[in-house]
Amino acid sequence: MDHAALYAERLKTPDQAAALIRSGARIAMGLGVSQPPALLKALAERAERGEVEDVNLYYLLSTAIAGDTVLRYELMDRIRPWSLFHSAVERRLEQRAFEEGRPSPVQFIPTGFQQSPRLLCDEVGVDTLVCTVSPMDADGFFSFGTNTDYAKPVSETARTIIFEVNPHMPRVYGDCTVHVSRVSGIVEHAAPLLAVPRAEPQPADLAIGRIIAGLVEDGATLQMGIGALPNAVCDALKNHRDLGVHTEMLTPGLVELMQAGVANHTRKTLHPGVGIFAFSMGDQNTYDFLHENRGLEARPVSYVNDPAVIATPGWSRSTPRSRST
């Protein structure tokens with residue numbers, strides 16, 4: 001059967017796709033931007049109707065997409081959240097339970113991000129993956145787009161894979177694809193990707209950013225987090241040269257450094273000429289930059305954050321900066 005026929009065979013409405021999830025399922029839900037709104041809404045409605053129960057939901061960094069659907073407080077007796085990283089959604093659930101004198105409905109699993117694929121695949125043994133992906137390419141492959149992180153490893157072991165195909169999800173290169181033959185259900189749903197407002201640096205952030213940037217040599221390889229301070233550091237690095245990127249999170253600040261030619265990855269000895277990331281959250285400019293960009297590759301977080309990879313000898317070639325006084 002050719003790719004198009006396989007796709008058509010697996011194409012379903014959100015309700016039909018959610019019906020593939022049975023009571024007792026152990027589900028890995030995509031992180032952040034990749035949380036699929038149509039699928040999660042359909043799953044929440046099934047739980048609300050009592051058509052599914054004892055669903056265990058594993059994930060990092062929930063957003064309002066999940067908070068308004070599968071992570072509603074009223075569904076906690078049928079959908080059990082297992083959070084590997086709390087957001088405001090889990091804190092609200094815990095606060096409401098505390099106010100009502102009830103135990104927290106959210107189970108927290110403390111783990112390093114790099115270890116999340118091993119935990120989900122080997123220790124938990126999740127059987128279902130739900131997330132948003134880019135449209136299928138001519139060879140029958142979907143790209144995980146903004147979120148390869150733990151989704152790619154889980155896709156290699158889960159029995160049931162349900163994708164929400166969104167034309168707004170960028171197609172990204174690297175170790176970040178799944179063939180249609182592995183997929184159990186496909187839902188087509190066009191929706192703008194979650195945009196994260198830029199946290200504007202305060203004067204103290206800018207001062208700290210300048211200090212940190214002064215410690216970074218030309219040719220260094222960067223890992224950045226989210227927030228006002230990393231943005232300030234990126235702003236202060238714009239006079240540097242030949243920086244590289246190998247980061248769990250690809251941020252708007254890093255994208256701006258690449259667009260300006262400051263981060264060109266030329267001195268990296270591991271993946272020279274290519275920026276490496278595990279997931280991305282940002283603005284529309286960030287997502288547009290990701291789309292079909294050969295200068296970027298997404299890889300599982302088990303690789304990106306592996307200390308043995310990061311500590312590779314000769315990982316980057318940096319030289320001291322000359323400074324005028």
Side-chain angles (χ1 to χ4, degrees), residues 27-41 43 57-71 81-93 106 108-109 111-117 119-120 126 129-134 142-155 162-166 168-172 174 176 178 189 191-199 223-227 230-231 247-255 276-291 296 298-302 304-305:
I27 304 171
M29 176 177 68
L31 181 157
V33 179
S34 68
Q35 288 163 12
L39 271 172
L40 297 182
K41 180 176 182 291
L43 177 57
L57 194 65
Y58 296 84
Y59 60 92
L60 277 84
L61 192 57
S62 63
T63 68
I65 292 170
D68 293 340
T69 55
V70 291
L71 295 182
W82 296 82
S83 169
L84 280 68
F85 183 92
H86 273 25
S87 74
V89 174
E90 288 74 32
R91 291 192 288 273
R92 283 195 298 269
L93 290 171
V106 183
F108 174 62
I109 307 178
T111 187
F113 193 16
Q114 183 236 339
Q115 297 294 330
S116 59
L119 184 145
L120 295 173
V126 295
L129 171 65
V130 296
C131 63
T132 300
V133 295
S134 70
F142 301 95
S143 166
F144 282 111
T146 57
N147 288 85
T148 295
D149 39 66
Y150 55 80
K152 169 64 176 178
V154 170
S155 74
I162 309 174
F163 283 161
E164 185 165 314
V165 175
N166 187 344
H168 298 285
M169 177 63 80
R171 172 166 298 284
V172 175
C176 59
V178 179
H189 181 66
L193 298 183
L194 176 71
V196 179
R198 184 183 177 93
Q223 140 90 18
M224 288 289 173
I226 191 171
N231 288 340
T247 183
E248 69 175 41
M249 180 178 181
L250 188 67
T251 65
L254 288 173
V255 166
I276 302 296
F277 74 102
F279 80 101
S280 181
M281 292 183 76
D283 53 15
Q284 190 58 48
N285 178 62
T286 299
Y287 305 142
D288 291 342
F289 186 75
L290 284 174
H291 184 61
L296 288 169
R299 294 176 180 270
V301 71
S302 49
V304 176
N305 284 18

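What you are looking at is a predicted structure, and each value in this text was computed from that prediction instead of being measured.
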Checklist line | Non-hydrogen side-chain atoms of V178 and V133 separated by less than 4.5 Å | finding: no
Check: Is D149 reaching over with its side chain to a backbone N or O of V301, donor-acceptor style, under 3.5 angstrom?
Finding: no
Checklist line | Full working for ring pair (Phe, Tyr, Trp, His ring centres under 6.0 Å) between F279 and Y150 | finding: CA-CA 9 Å; F279 80 101; Y150 55 80; 9.4 Å; no
Note to self: Tell me which one of Q115, Q223, Q114, E248 satisfies side-chain hydrogen bond (donor to acceptor under 3.5 Å, both in side chains) with N305.
What the structure shows: E248
Check: Which atoms form the tightest heavy-atom contact between M29 and A66, and what is the distance?
Finding: CE-CB, 3.9 Å
Margin query: What's the separation between atom OG in S34 and atom CE in M169, rounded to the nearest 0.5 Å?
Written below: 6.0 Å
Check: L60 pairs by side chain to side chain contact (heavy atoms under 4.5 Å, CB included) with which of L120, T111, L84?
Finding: L84
Next item on the list: List the atom of A38, the atom of E164, and the distance in Å for their closest heavy-atom pair.
Entry: N-OE1, 3.0 Å
Check: Going from OG1 on T247 to CD1 on I276, what distance comes out if it is rounded to the nearest 0.5 angstrom?
Finding: 11.0 Å
Next item on the list: Looking only at non-hydrogen atoms, find the nearest pair between A199 and N231 and report the distance.
Entry: O-ND2, 3.1 Å
Next item on the list: Starting at CG of L119, measure out to OG of S302 and round the result to the nearest 0.5 Å.
Entry: 12.5 Å
Notebook entry, point to check: Can S62 and E90 be counted as having a side-chain donor-acceptor contact under 3.5 angstrom?
Noted result: yes
Note to self: Quick check for you: to the nearest 0.5 Å, what is the distance between H291 atom NE2 and T146 atom OG1?
What the structure shows: 13.5 Å
Margin query: If I take atom OG from residue S87 and atom CZ from residue R92, how far apart are they, to the nearest 0.5 angstrom?
Written below: 7.0 Å
Next item on the list: Considering non-hydrogen atoms only, spot the tightest contact between V33 and S280 and give its length.
Entry: CG2-O, 3.7 Å
Check: Hey, mind stepping through H86 and F108 against ring pair (Phe, Tyr, Trp, His ring centres under 6.0 Å) and telling me if it holds?
Finding: CA-CA 8 Å; H86 273 25; F108 174 62; 5.2 Å; yes
Check: Looking only at heavy atoms, which two atoms of F144 and C131 are closest? And how far apart?
Finding: CE2-SG, 3.7 Å
Item checked: Atom pair CG (N147) and SG (C176), whose distance is rounded to the nearest 0.5 Å -> 11.0 Å
Note to self: When you compare the side chain of F277 with that of V172, does any pair of heavy atoms fall below 4.5 Å?
What the structure shows: yes
Next item on the list: Measure across R299 and V304 and return the closest heavy-atom pair with its distance rounded to 0.1 Å.
Entry: O-CG2, 3.6 Å
Note to self: Pair L250, L296 - check side chain to side chain contact (heavy atoms under 4.5 Å, CB included), show working.
What the structure shows: CA-CA 10 Å; L250 188 67; L296 288 169; 4.0 Å; yes
Note to self: Under a 3.5 Å threshold, yes or no: a donor from one side chain and an acceptor from the other, between D283 and N285?
What the structure shows: no
Notebook entry, point to check: Got a donor-acceptor contact below 3.5 angstrom from the T251 side chain to the I226 backbone?
Noted result: no
Next item on the list: For the residue pair L71 and Y59, establish whether any side-chain heavy-atom pair is separated by less than 4.5 Å.
Entry: yes
Check: Checking side chain to side chain contact (heavy atoms under 4.5 Å, CB included) against V70, which of I27, L40, L39, I65 comes through?
Finding: L40
Notebook entry, point to check: Is the side chain of Q35 donor-acceptor paired with the backbone N or O of A64 at a distance under 3.5 Å, no angle test?
Noted result: no
Next item on the list: For Y287 and L194, indicate whether the former's side chain and the latter's backbone hold a donor-acceptor pair under 3.5 Å.
Entry: yes
